[in-house]
**Student:** 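I have a structure I would like to understand better, so I am pasting it below and will then ask my questions one at a time.
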Number of protein chains: 2
Amino acid sequence: MPVPQRRQAPTQADVARVAGVSQGAVSAVIGGRAGQQRITAETARRVLDAVQELGYVANASARSLKGKRNRLLGVHTFESVFPISRMDFYHEFLIGIEEEAVAEGYDLVLFTSTEETNGQRQVYRGGSNRLNIADGSVLLGIASDNSDLARLAAEGYPFVHVGRRDVPGADIAWVGADYGTTTAELVGHLAALGHRNIGYVGDAERYEASGDRESGYRAGCGAAGVTPSVLFTRPEGLTTEWFDGVIGSGVTALMMENEDAAMRVAGFAHSRGLAIPQDLSIVVLIKTFSGPTPDRPWSTLGIPRNDMGRSAVRLLIEMIDAPDSPPDRHILLSCTAPENSTIAAAPTSR
Amino acid sequence: MPVPQRRQAPTQADVARVAGVSQGAVSAVIGGRAGQQRITAETARRVLDAVQELGYVANASARSLKGKRNRLLGVHTFESVFPISRMDFYHEFLIGIEEEAVAEGYDLVLFTSTEETNGQRQVYRGGSNRLNIADGSVLLGIASDNSDLARLAAEGYPFVHVGRRDVPGADIAWVGADYGTTTAELVGHLAALGHRNIGYVGDAERYEASGDRESGYRAGCGAAGVTPSVLFTRPEGLTTEWFDGVIGSGVTALMMENEDAAMRVAGFAHSRGLAIPQDLSIVVLIKTFSGPTPDRPWSTLGIPRNDMGRSAVRLLIEMIDAPDSPPDRHILLSCTAPENSTIAAAPTSR
DNA sequence: CCCTCCTGCTATTTCGTAATAGCACCGCGT
DNA sequence: ACGCGGTGCTATTACGAAATAGCAGGAGGG
């Protein structure tokens, strides 16, 4: 099969020349818009023959130039997209985003050019906004400055944030995980297992999502008739004295926002001869542990990452297609309840 | 503060209107071609102010239609980019590609719009070629068909294939792993461990890379004074009878292209009471096993995936920057030699 | 005082495709 | 014979950016 040795791809004009018709006729035949424009079967055949002969394919740039869209969706992460350490965290989102982009026939632009020397990425760099090259963007990651988002929103650029994000004065579209509900249910589950004294250890840094988890915890405690007990700290802030105090106060279950903190607590428990989960149940609310995978996986809330990625893309495309009648721009997806690996019935006595 | 509600991205014409100049002047200022076109500092300032005010960014489609650069590099895979099953295989390439793109200040376009309903992706799809939107592309994976590549090359589109790829009549740029040399060295290593009878089990499907491995094996045999013995088959083709025959003929080491086949052989060895590697050394030349990670990792050639990704991007950018004086368009990177996990000295007797 | 040269911009064309306006031609009715 | 409507095309324009041609206006020289 001889490959046409053209230096440049054939255009509709080339096809038209071969078929002996005008460029417009070629466009009509290829576009299949027989409704608006009348083409005889004979002409269509000649055009299609010429297409075949020259190996014509449409120039996507010209096509999208006419359509005023690029059919490009941006993916902006505030950290690198494929860093090994963060792989578990972002990878599944990206899979969902890609799957939905495939289904919708969009290409994805990974904004990698926006990285500063410190590894941080920001939307506005040198005053210009590269995101505009895409019809809209999905934003991922936590380390962002709210002002970038506010500005993007103010400019009317279509974007969806993965993870709940409340920016005062701006109505940001987002797809989040419903940590609150699942956390509340989890408290109920622990109460049903006999736990009457359930502690909550939160991160010192508060985000929208961490607030959700905390209020879910409080709601769950209210429903189960358990007194809430909340501590905010960094993992380093957790000391042996604190742990002894917690155990002494009769706590039999801990809900922890931070996996590193949970690892510390596991160490304390071990040194005090307490078994997890027989003596102390532990739930990790979000997996952030940067070290190796522990032998026994934590009981942890399942984040519907794939679904969140897919939903974000779907919502984004809706926003692009119908900028004036926006659909519900805030989507909360249910988390899956944790396995019972580090959850057990409350100890009868200690 | 009035919010510039931009329903549609501003164009150079919009900028020109605000700055009180013509569209051509805006283009000249932005393009920085002060050499050919004279613009006063005052006019340039007004234009740049308007750019800032409107948040203007050039339309990628229009630029590429005109044959200009977008600082976009395409990534085309012939399968989905993030499928779980293939994750190990592609992920590391993508990391390298991303790292280098970050370093060079390019953004990446993942061509996901080219997927057929059967999951296969092709360059020329739906009668159009999307790749044009990027300045050049990195192609990954096993292409079903060489004709796409030949055609792209004939059209003068800059692209680099990851993995060696020889297409008759087209000079395709590629970055490959030097399987041949490492395989040859490996035969020498086995010979030094006392193996005089080293079998080679190849895949029935032959690619450029598999040919490299086989010829490396033959070269290594020649250098070590060992008689080569090659079998091409699918894993299902390996039977107990075949295995018994191989062992009976005195083979003490097997080099296998396919990890699934190696798993089969391990099963046979187990049923015959032969220990790996004490009684039989096995080297897997390329990890393709689709099942769970085995307990003991195979001795296997290390593919420099990250480096291949980075090198492909570097080569691609060179090709884009200097299309007429191409650098060496074929790069072979060394594989790392295997660990001795399933390699041992030849048994003294059996 | 007029002609030339230079400066700094504007006007126009180009890229490939798609949509719209418009134009020849045919057949039919009167 | 003349008009009228329908058919099947062609001609033109627009999309956004960039390159090129060209044009006003001022400076300078003769």
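Here the structure is a predicted model, which means the values were calculated and not measured.
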**Student:** Find the distance B:N70:CG to D:dG16:P and express it as a whole number of Å.
**Tutor:**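 Spelled out: CG on B:N70 to P on D:dG16 is 15 Å.
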
**Student:** Is the shortest heavy-atom distance from the side chain of B:L315 to the side chain of B:V175 under 4.5 Å?
**Tutor:**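 A side-chain contact under 4.5 Å exists here.
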
**Student:** What string of B, S and - do you get for nucleotides 21-27 of chain C, 5' to 3', if B is base contact, S is sugar-phosphate-only contact and - is no contact with any protein heavy atom under 4.0 Å?
**Tutor:** -------

**Student:** So do B:F159 and B:V123 actually touch side chain to side chain, heavy atoms under 4.5 Å?
**Tutor:**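 No, too far: nothing below the 4.5 Å cut-off.
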
**Student:** I want to check one thing: is the phosphate of D:dC9, taken as OP1 and OP2, less than 4.0 Å away from some side-chain N or O of A:T43?
**Tutor:**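 The answer is yes; a side-chain N or O of A:T43 sits under 4.0 Å from OP1 or OP2.
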
**Student:** Figure out the CZ/P separation between B:R69 and D:dA19, and round it to whole Å.
**Tutor:**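 In whole Å, D:dA19 P lies 12 Å from B:R69 CZ.
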
**Student:** Give a yes/no answer on whether the side chain of B:S61 brings an N or O atom under 4.0 Å of OP1 or OP2 in D:dG16.
**Tutor:**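 No, because none of the side-chain N or O atoms of B:S61 sits under 4.0 Å from OP1 or OP2 of D:dG16.
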
**Student:** Would B:D107 and B:R71 count as a salt bridge (Lys or Arg N to Asp or Glu O under 4.0 Å) here? Give the steps.
**Tutor:** CA-CA 6 Å; B:D107 290 321; B:R71 283 202 91 76; over 6 Å; no

**Student:** Which class fits the ring pair A:H91 and B:H91: parallel under 30°, tilted 30 to 60°, perpendicular over 60°?
**Tutor:**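 Plane angle over 60°, so perpendicular.
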
**Student:** Between atom CD1 in A:I39 and atom C1' in D:dT7, what is the gap in whole Å?
**Tutor:**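 Taking CD1 of A:I39 and C1' of D:dT7, I get 11 Å after rounding.
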
**Student:** Measure CD1/B:I133 against P/D:dG16 and give the value in whole Å, please.
**Tutor:**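 After rounding, the reported distance stands at 14 Å.
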
**Student:** What nucleic acid atoms does B:V26 come within less than 4.0 Å of, heavy atoms only: base, sugar-phosphate, or nothing?
**Tutor:**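 Touches nothing.
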
**Student:** Answer yes or no: is there a side-chain heavy-atom contact under 4.5 Å between B:Y157 and B:L131?
**Tutor:**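 Of all side-chain heavy-atom pairs linking B:L131 with B:Y157, at least one is under 4.5 Å.
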
**Student:** So which protein nitrogen or oxygen atoms get under 3.5 Å of nucleotides 15-17 of chain C's nitrogens or oxygens?
**Tutor:**
residue : atom : partner : partner atom : Å
C:dT17  : OP1  : A:Y56   : OH           : 2.6
C:dT17  : OP1  : A:N59   : N            : 3.1
C:dT17  : OP2  : A:Q12   : N            : 2.7

**Student:** Can you check the B:I30 CD1 to D:dA17 P distance for me, whole Å?
**Tutor:**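 My rounded result for the distance is 8 Å.
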
**Student:** Salt-bridge test for B:R305 and B:E92: reply yes if a basic N is under 4.0 Å from a carboxylate O, no otherwise.
**Tutor:**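 No, B:R305 and B:E92 are not salt-bridged.
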
**Student:** Are A:L73 and A:V138 close enough that some pair of their side-chain heavy atoms sits under 4.5 Å apart?
**Tutor:**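 The answer is no, as the side chains (C-beta and beyond) never meet within the 4.5 Å cut-off.
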
**Student:** Say whether A:T11 and A:Y56, considering side chains only, have a donor N or O and an acceptor N or O under 3.5 Å apart.
**Tutor:**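 Side-chain D/A pair, A:T11 to A:Y56: absent.
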
**Student:** Side chains of A:N70 and B:S61 only: does a donor on one sit below 3.5 Å from an acceptor on the other?
**Tutor:**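 There is such a pair (donor and acceptor under 3.5 Å, judged by atom type) between the side chains of A:N70 and B:S61.
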
